[in-house]
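We name chains A, B, ... by the order of the sequence lines, and we start the count at 1 in each one. Quick caveat, the model's predicted, so the values are computed rather than measured.
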There are 2 protein chains.
Amino acid sequence: MVIKNTAVSSRAGAAPTIVDVAEQAGVSIKTVSRVLNHEPGVQEKTRERVLKVVADLKYRPKLSARSLAGARSFLIGLLYYDPSAAFVAGVQKGAALRCREAGYHLVVESLHNDALDIDQQVERMVSALRPDGMILTPPLCDNAKVIKALSDAQTPCVLMSPRVVSPDERSVRIDDVHAAEEVTNLLISLGHQRIAFVQGPADQAASGLRYEGFERAMLAHGLSVEAELVQAGDFTFPSGVAAAHQLLSRRVKPTAVFAANDDMALGVLAAAQRLGLSVPTDLSIAGFDDSPAANLVWPPLTTVCQPMEAMARTAVEMLILPNRVDNETSDSAPQQRVLPYQLQVRNSTCAPRGHAAPAIKSKKA
Amino acid sequence: MVIKNTAVSSRAGAAPTIVDVAEQAGVSIKTVSRVLNHEPGVQEKTRERVLKVVADLKYRPKLSARSLAGARSFLIGLLYYDPSAAFVAGVQKGAALRCREAGYHLVVESLHNDALDIDQQVERMVSALRPDGMILTPPLCDNAKVIKALSDAQTPCVLMSPRVVSPDERSVRIDDVHAAEEVTNLLISLGHQRIAFVQGPADQAASGLRYEGFERAMLAHGLSVEAELVQAGDFTFPSGVAAAHQLLSRRVKPTAVFAANDDMALGVLAAAQRLGLSVPTDLSIAGFDDSPAANLVWPPLTTVCQPMEAMARTAVEMLILPNRVDNETSDSAPQQRVLPYQLQVRNSTCAPRGHAAPAIKSKKA
DNA sequence: CTGAAAGCGCTTACAG
DNA sequence: CTGAAAGCGCTTACAG
């Protein structure tokens, strides 16, 4: 004996369904659905009546039902692997908030970039969850197996700061080259000439781009990039320490060090201070990323701030908005977005010893 | 004209459903369901046949369908608000990995702890998503409105490091008092007597507990806790800097400072070094949390490592495992779990100047 | 040990 | 502008 809940209001305790709303509003469930999905073709008066009942009953459409019946799951996936803590925090906050604003939810999955069956892991997750889109963070955004698995499953994705920007893939990033160029220009404008650079690992996108920016700025100012002032690193603190020991043992020491990321810059800072150097007066140091630790040391680090939160919000929008009509781009070309970074000038950089004032400081105002 | 996909194999392109599996295996969908859910009462031979077809077809049950039909959603929610980056990263990794192992998925939501309608935000999210459980991190785990909203929605939750441990709520934490006691004991055993303490904000759980541990250890060793050596702080770097300036201006300076968290300890470190003190020889410094930055400075910080990942895994298990039969606790009493922390002794602590060797070092072995 | 039927709560084509 | 019907792909009671 099955008791259908089409009688009277509804069974107490259980959450209200679209049927309950339809009955109380005196319309069909289809009309309720139309109102909830902002579909056109509902009389204003009807719409208001439905909305009132929805509010009264505190009706919330169940995600699983919408997902099963319709084409959308209202789920956005965030895939990451061993990211810097700062990265996760920012990306996650931006993505989660933007999702909520749009009635979506953020599902995060932690993967091992080197797992042999990573494509199967992705396939498994995607076919169970059916997310409407996926956000890939480094280094997963450069993992061909992951991207192929997603493409096979016809799941749209956005790459955050990918190594290579392809016209076939949507991506969000900052202009690393330009940012590194600006940092270098800052050092040069302070009067530095012997500027060392600590590189990141060769297999990471950012490494090459940041070095390129450094080199470009140096050459543009007629400064040479000496091989002995370019030190290898791998984005870790210890590699920054090691690089500093090398650099500071040169016959002519650099007056400034630009490390391709903050962790290494912090290593340089620690090493320099241990060697008795005063930062920034004896040695200026600049990093990249504006990690939380950059502001938790003395002197706080001059660095580049990537707008993690904004980048994540943008990524979510690129996955959600295409469903709506209000975007101009009529062709289905995937988009590449470049967001503005911010140069954070703090106390780890100043003019080199014996150099009175910044060289170029003719304000144009 | 509706084309049912009960013909032949299945329509090409579309993902296989339970019906496809049932047909190819020559059983009913109910049997397939039994096999997939590890229900008893399926002949071994039948089970194997079904499993083979599942593998061949790469069949993955769709979450939305399972969720709509059944009592479980296979979704675990993680609620957080502005946590330290290190916290998010660890918690998230542990929770996401444990979820995947169990066929669950982790949905994260970022909330504003001070939002007036936070209970409605939670209610909204829970009634749409229907997660099988929820993990609350500080300070949300101490937010009565959030807890009530969850309880009203009959969504089980686990509190991570809550301020108050209630028998009505499941929780996972470490023993803050004991950990702080051990840090203090370490300093005392090195020979320190004038040990300063930098407190956390009064409204945070950990603050009081850590101070309690500090005080307990001091008193146990017959050392007095002088009011002028206990400085207020708010868990931020600047408050650590400020506290250090106060403490180091006392008539008799402390030889060691124990800060209730790492960010403040880093502030103390930065301030001490700026004042020309050598750490640890002039001043020993200890923190709490083992934040990433603790290892990104020189000297690296002696601190307490909370097993974030393990705590998160445990939290997930406490939400998932009750569904199974294999846990001993027959009564439905919520559980409180206390996990082991780890003392990280690094280079920011040593014996005070003029003190040859650690005072108490009679090894009991 | 196995299965036929009903139902979960929505959206998708249709039809008017 | 509105609605009746079918269906999404599973699990839940049943029944044998």
Side-chain angles (χ1 to χ4, degrees), chain A residues 1-6 10-11 14-23 25-50 54 57 59-75 103 127-130 132 323, chain B residues 1-6 10-11 14-23 25-50 54 57 59-75 103 127-130 132 323:
Chain A
M1 204 181 291
V2 178
I3 301 175
K4 290 273 288 185
N5 55 341
T6 27
S10 65
R11 58 280 108 97
T17 72
I18 196 173
V19 174
D20 301 318
V21 176
E23 280 175 358
V27 296
S28 73
I29 61 168
K30 174 64 216 180
T31 294
V32 176
S33 176
R34 279 198 184 94
V35 172
L36 260 30
N37 290 302
H38 306 100
E39 286 172 33
V42 179
Q43 224 174 134
E44 191 47 36
K45 212 177 139 188
T46 311
R47 173 181 305 278
E48 280 170 11
R49 189 150 30 97
V50 170
V54 165
L57 261 44
Y59 167 67
R60 320 271 183 226
K62 218 168 157 177
L63 220 66
S64 56
R66 300 183 76 180
S67 180
L68 181 59
R72 295 180 292 173
S73 69
F74 299 94
L75 256 27
S127 46
L129 218 48
R130 303 296 168 110
D132 291 338
N323 298 341
Chain B
M1 203 181 292
V2 178
I3 302 173
K4 288 274 288 183
N5 53 341
T6 27
S10 65
R11 56 281 107 95
T17 72
I18 196 172
V19 174
D20 300 318
V21 176
E23 280 176 358
V27 296
S28 72
I29 61 169
K30 174 65 217 181
T31 295
V32 176
S33 176
R34 281 199 183 91
V35 171
L36 260 30
N37 289 303
H38 306 99
E39 285 172 32
V42 180
Q43 224 174 130
E44 191 48 34
K45 211 176 139 188
T46 312
R47 174 182 304 279
E48 280 170 10
R49 188 150 32 95
V50 170
V54 166
L57 260 43
Y59 167 66
R60 319 270 184 230
K62 217 168 158 177
L63 220 66
S64 56
R66 299 182 77 181
S67 180
L68 181 58
R72 295 181 292 171
S73 69
F74 299 93
L75 255 27
S127 46
L129 218 47
R130 301 297 167 110
D132 291 338
N323 298 340

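The side-chain heavy atoms of B:N37 and B:R72, taken from C-beta on, include a pair separated by under 4.5 Å. Taking the side chain as every heavy atom from C-beta outward, A:L63 and A:L75 approach each other to under 4.5 Å. In this structure, B:S73 and B:L129 have side chains that are not in contact, with every pair of non-hydrogen atoms separated by 4.5 Å or more.
Across the protein-nucleic acid pair, B:F74 atom CZ and C:dC8 atom P stand 19 Å apart, rounded to whole Å. When rounded to the nearest whole Å, the span between CZ of A:R72 and P of C:dT11 equals 9 Å. Atom CD1 of B:I29 and atom P of C:dC1 are 21 Å apart (whole Å). Taking atom NZ on A:K62 and atom P on C:dG7, their separation rounds to 16 Å, with Å as the unit. Going from atom CG of A:D132 over to atom P of C:dT11 covers 13 Å, rounded to whole Å. Between the C1' atom of D:dA4 and the CD atom of A:E23 lies a distance of 15 Å, rounded to the nearest Å. The CZ atom of B:R130 sits 21 Å away from the P atom of D:dC10 (whole-angstrom rounding). In this structure, the CZ atom of B:R49 is 13 Å from the C1' atom of C:dC1, given to the nearest Å.
Which of D:dG3, D:dC10, D:dG7 sits closest to the side chain of A:K30 comes down to D:dG3. Closest approach to the A:A69 side chain among C:dT2, C:dG9, D:dC10 is made by C:dG9 (side chain taken as heavy atoms from C-beta onward). In this structure, the nucleotide among C:dT11, D:dT2, D:dC10 sitting nearest to the side chain of A:V42 is D:dT2. In this structure, the nucleotide among D:dC1, D:dG9, C:dT11 sitting nearest to the side chain of A:Q43 is D:dC1. Of the candidate nucleotides D:dT2, C:dT12, D:dG9, C:dT12 has the atom nearest to the side chain of A:A71. When each of C:dG3, C:dC8, D:dC1 is scored by its nearest atom to the side-chain atoms of B:L68, the top-ranked nucleotide is C:dC8.
Shown here are the ring pair (Phe, Tyr, Trp, His ring centres under 6.0 Å) partners of B:F74, two or more places apart in sequence or in another chain: B:Y104. In this structure A:E39 satisfies the salt bridge (charged side-chain N to carboxylate O under 4.0 Å, His left out) test together with A:K30, sequence neighbours excluded.
For the OP1/OP2 pair of D:dT2 and a distance below 4.0 Å, the side-chain nitrogens and oxygens of A:T31 include no atom meeting the criterion. Applying the 4.0 Å criterion to OP1 and OP2 of D:dG9, one finds that B:T17 has every side-chain N and O outside that range. Phosphate proximity of C:dT2 to B:S28: absent, as no side-chain N or O sits under 4.0 Å from OP1 or OP2.
Closest non-hydrogen pair, A:S28 versus A:A22, comes out as C-CB, 3.8 Å.
Nearer the 5' end of DNA chain C, as judged by each residue's closest nucleotide, is the contact made by B:R47, out of A:S64 and B:R47.
A:R49 contributes a side-chain N or O that, together with a main-chain N or O of A:A25, makes up a donor-acceptor pair within less than 3.5 Å.
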For a side-chain contact (heavy atoms from CB on, under 4.5 Å) check, start with the C-alpha distance between A:T46 and A:R34, then their side-chain angles and the critical distance, and finish with the verdict. CA-CA 11 Å; A:T46 311; A:R34 279 198 184 94; over 6 Å; no
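Applying the 3.5 Å distance criterion, the base of D:dG3 shares a donor-acceptor pair with the side chain of A:R34.
Comparing the same atom, C1', in D:dT11 and in C:dG3 gives a spacing of 14 Å after rounding to whole Å. Rounded to the nearest Å, the gap between the C1' atom of D:dT12 and that of C:dT2 is 16 Å.
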Output field dot_bracket for DNA chain C (Watson-Crick or G-U, both distances under 3.5 Å, | for other-strand pairs) contains |||.||||||||.|||
